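Model, not experiment: these values are computed from the prediction.
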Amino acid sequence: MKKKTIWTIAIIMGLSFLALLFLQLKYFKEMADMKKEQFDESVNRALYQASRNLELNETLRYLEKDVNETERRAYIQDSVGTRSGQPDGTIQQSHQYSVAGKDGTLYSSFELKTITTKPSQMPKAMILKSDKNSLTEASKSMQEIVKNRYVYQKALLDEVVYSILYSASEKPLKERINFKLLDQDLKAELMNNGVNIPYHFTVCTQDGREVYRCPDYTDEGEEYTYSQVLFRNDPSSKMGVVKIHFPDMNSYIFSSIRFVIPSIVFTIILLITFIFTIVVIFRQKRYTEIKNDFINNMTHELKTPIASISLAAQMMNDDSVTKSPAMMKNLSKVINDETKRLRFLVEKVLQMSMFDRKKAVFKKKQLDLNEMVENIANSFTLRVEHTGGKIYTDIEAIDSAIYVDETHFQNAITNLMDNAVKYRKPEEPLDIYIKTWNDDQHLYLSIRDTGQGIKKENVKKIFDKFYRVHTGNVHDVKGFGLGLAYVKKIVDLHGGEIKVESEYAKGTKFTIKLPVIKDA
């Protein structure tokens, strides 16, 4: 499948998942906002009803108190009041009532008179006949009298209630509010409105002075505070404010919409899985391309020794060619060298396959890194001097003992040296600088060359298996792209680290860090 097709499918699927996730998140947010609005409305309604209950209770309490006091005064006045008799035998009783303010000022007074008629003087005759019009006029007159008396009595009652409430508003909030009863009202009204979660409340004056705070008060959830004015019809200086907040409000709101969360989670999981699948597809495609390059390089690498061996065998079998001892020795040497080269190439592939299956077995022993480096440097001296350059060794490591597999570790260093020679600048001398040093914990080896270097975008990939820096279809540099992957694998399996620093057209430096062998 072409990369463009994969990208098209990936973009369409990715946008679809993102759109679905966006819609789910938006739906979740709208549901949360709706639940919050319902919660706000329920709390405000409960606060309003609780404040109204508070005012009604206060009015009822003071009315009962005043009525009891009035009845007591009336009883006292009755014991010394006027009781007048009429010539016709009726008895008239009068009661004097007055309403006074807190400061003793007399607001109003009124007298209630009761006329009692003796049973013996009740009329003994009944009107048998009456004029219809006179009865209607009498009824209208009676209704007017009752109406006027009702209006008068209502006005008196309103004045009494007003004076009672005015005297009540003069008291401080602490005396006007029964906080325990207010707490019970708040709890009952909240439950009536479907809010059954813990709350904390305070009562304060209109100017912000706190009058009361519930015993278990905490600041948690205080950012969402609801308030309600108490005694709304009083002067502003006499009003109170009850403030309430809910520590578990967010949990309460989201508890009813939790069923949406699993769908969002599953959508995110599907999106992550899809992204991972696309990454795997591109990685596999890249591996396929790398393996194709590897097969091409391997074919090219194997063709050379096979061709050389085949040519030497043909010459040995050709009767027309004079076979002198020197020629036979030369042909056998060619066959032997090319066979060794072919075996080395095959073994390198097999070794990497063995490392992937984790079946490699090391035969570790204690060696001297300084001595190994000097031996390898000597073996490469001729190849480097052939380019017009030179190998410089700087042996500074004091404790240079290492515990490694001699063959594999020596091959790793040889690979680094071989790469330095392979990737030199054409027609320019190559210099290689080898240095060893150590500290208390680690032993270091660095190999720096003055070759063509590596571009920045390729540096992080050079340790990948089968990866080779692209040079087009020119096969002037031999290899499978396994050398540096092999080196890193060997260093890692020996508990070390390898780092690379490179600047294009200036050279490359590899640094290997190994643990120091400490004496027991």
Side-chain angles (χ1 to χ4, degrees), residues 344 348 351-352 355 360 362-385 387 389-424 430-454 458-465 467 469 479 481-503 506-519:
F344 174 76
K348 186 180 288 188
Q351 285 173 353
M352 287 305 300
F355 287 138
F362 288 140
K363 298 178 180 178
K364 293 184 179 181
K365 61 182 179 179
Q366 186 168 326
L367 300 171
D368 187 276
L369 179 63
N370 292 339
E371 182 181 346
M372 182 183 293
V373 167
E374 288 179 345
N375 291 334
I376 295 174
N378 291 333
S379 65
F380 275 84
T381 299
L382 291 177
R383 293 180 61 184
V384 174
E385 289 179 350
T387 67
K390 190 176 180 182
I391 296 178
Y392 300 89
T393 57
D394 185 6
I395 307 299
E396 295 183 0
I398 299 174
D399 298 325
S400 58
I402 54 176
Y403 189 66
V404 297
D405 182 287
E406 182 177 9
T407 302
H408 286 292
F409 200 79
Q410 189 169 352
N411 286 341
I413 299 176
T414 302
N415 269 320
L416 294 177
M417 296 288 291
D418 190 53
N419 279 350
V421 176
K422 282 182 180 179
Y423 294 97
R424 69 183 185 274
L430 172 70
D431 292 329
I432 297 178
Y433 300 86
I434 305 175
K435 180 179 179 181
T436 64
W437 73 99
N438 62 273
D439 54 25
D440 294 337
Q441 300 293 330
H442 298 96
L443 179 63
Y444 298 88
L445 165 67
S446 67
I447 300 175
R448 180 172 66 88
D449 63 65
T450 58
Q452 63 186 16
I454 307 170
N458 295 325
V459 170
K460 59 184 179 181
K461 301 178 182 179
I462 60 173
F463 292 116
D464 293 347
K465 190 168 59 174
Y467 182 80
V469 178
L482 295 174
L484 291 178
Y486 172 77
V487 172
K488 188 176 190 318
K489 198 75 171 179
I490 293 298
V491 174
D492 290 344
L493 291 174
H494 282 88
E497 296 179 16
I498 183 169
K499 294 182 180 179
V500 59
E501 302 172 29
S502 185
E503 188 173 352
K506 291 188 177 181
T508 304
K509 178 182 178 181
F510 289 92
T511 303
I512 297 175
K513 181 171 72 173
L514 296 169
V516 172
I517 298 177
K518 295 184 179 181
D519 295 333

Under 3.5 Å, sequence neighbours excluded: what are the donor-acceptor pairs made by side chains of residues 495-503?
unit_1	atom_1	unit_2	atom_2	d
Ser502	OG	Ile454	N	2.7
Ser502	OG	Gly507	O	3.3
Ser502	OG	Thr508	OG1	3.0
Glu503	OE2	Lys506	NZ	3.4

Only pairs under 3.5 Å count here: list side-chain donor-acceptor contacts from residues 373-382, not counting sequence neighbours, and write none if there are none.
unit_1	atom_1	unit_2	atom_2	d
Asn375	ND2	Glu371	O	3.2
Asn378	ND2	Glu374	O	3.1
Ser379	OG	Ile376	O	2.6
Thr381	OG1	Ala377	O	2.8
Thr381	OG1	Asn378	O	3.3

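Put simply, CD on Gln410 and CG on Asn415 are 11.5 Å apart, with the number rounded to the nearest 0.5 Å. Distance check, rounded to the nearest 0.5 Å: NZ of Lys435 to CZ of Arg448 gives 10.0 Å. Residue Phe409 holds its CZ atom at 10.5 Å from NZ of Lys364, rounded to the nearest 0.5 Å. Atom NZ of residue Lys488 and atom CD1 of residue Ile462 lie 10.5 Å apart, to the nearest 0.5 angstrom. Atoms CG and CD1, from Asp405 and Ile490 in turn, are 7.0 Å apart once rounded to the nearest 0.5 Å.
Contacts of Thr450 classified as side chain to side chain contact (heavy atoms under 4.5 Å, CB included), with partners at least two apart in sequence or in another chain: Leu430, Asp431, Tyr433. Under the side chain to side chain donor-acceptor pair (under 3.5 Å) criterion, Asp394 pairs with no residue, sequence neighbours left out. Partners of Lys513 under the side chain to side chain donor-acceptor pair (under 3.5 Å) rule, at least two apart in sequence or in another chain, do not exist in this structure.
Side-chain contact of Tyr444 with Asp439: a donor-acceptor pair under 3.5 Å is present, judged by distance alone. In this model, no donor atom of one side chain and acceptor atom of the other lie less than 3.5 Å apart for Tyr403 and His494.
Asn370 pairs in a side chain to side chain contact (heavy atoms under 4.5 Å, CB included) with only one of the listed residues (Thr436, Ile402, Leu445), which is Thr436.
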Going through the checks in order, is the side chain to side chain contact (heavy atoms under 4.5 Å, CB included) test met by Leu514 and His442? CA-CA 5 Å; Leu514 296 169; His442 298 96; over 6 Å; no
Check against side chain to side chain contact (heavy atoms under 4.5 Å, CB included), Asp492 and Phe463: CA-CA 12 Å; Asp492 290 344; Phe463 292 116; over 6 Å; no
Show the numbers, then the answer: is there a side chain to side chain contact (heavy atoms under 4.5 Å, CB included) between Ile512 and Leu416? CA-CA 11 Å; Ile512 297 175; Leu416 294 177; 3.9 Å; yes
Before giving the answer on side chain to side chain contact (heavy atoms under 4.5 Å, CB included), spell out for Val404 and Lys365 the whole-Å C-alpha distance, their side-chain angles and the decisive distance to 0.1 Å. CA-CA 6 Å; Val404 297; Lys365 61 182 179 179; over 6 Å; no
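The stretch residues 409-419 participates, sequence neighbours left out, in these salt bridge (charged side-chain N to carboxylate O under 4.0 Å, His left out) pairs: Arg383-Asp418, Asp418-Lys422.
Scanning all heavy atoms of the two residues, the minimum distance from Val516 to Leu443 falls at CG2-N, 3.6 Å. The heavy-atom pair separating Trp437 from Ser446 by the smallest distance is CZ3-OG, 3.6 Å. Taking both residues in full, the closest heavy atoms of Leu367 and Glu406 are given as CD1-CB, 3.6 Å, listed atom of the first, atom of the second, then distance.
Inter-residue side-chain proximity for Tyr486 and His408 is flagged as met; some heavy-atom pair is nearer than 4.5 Å. Within the 4.5 Å cutoff, no side-chain heavy atoms of Asp449 are placed close to those of Val421.
A salt bridge is absent between Lys390 and Glu385; no separation between the charged side-chain nitrogens and carboxylate oxygens falls under 4.0 Å.
Not one N or O on the side chain of Ser400 forms a donor-acceptor pair closer than 3.5 Å with the backbone of Ala397.
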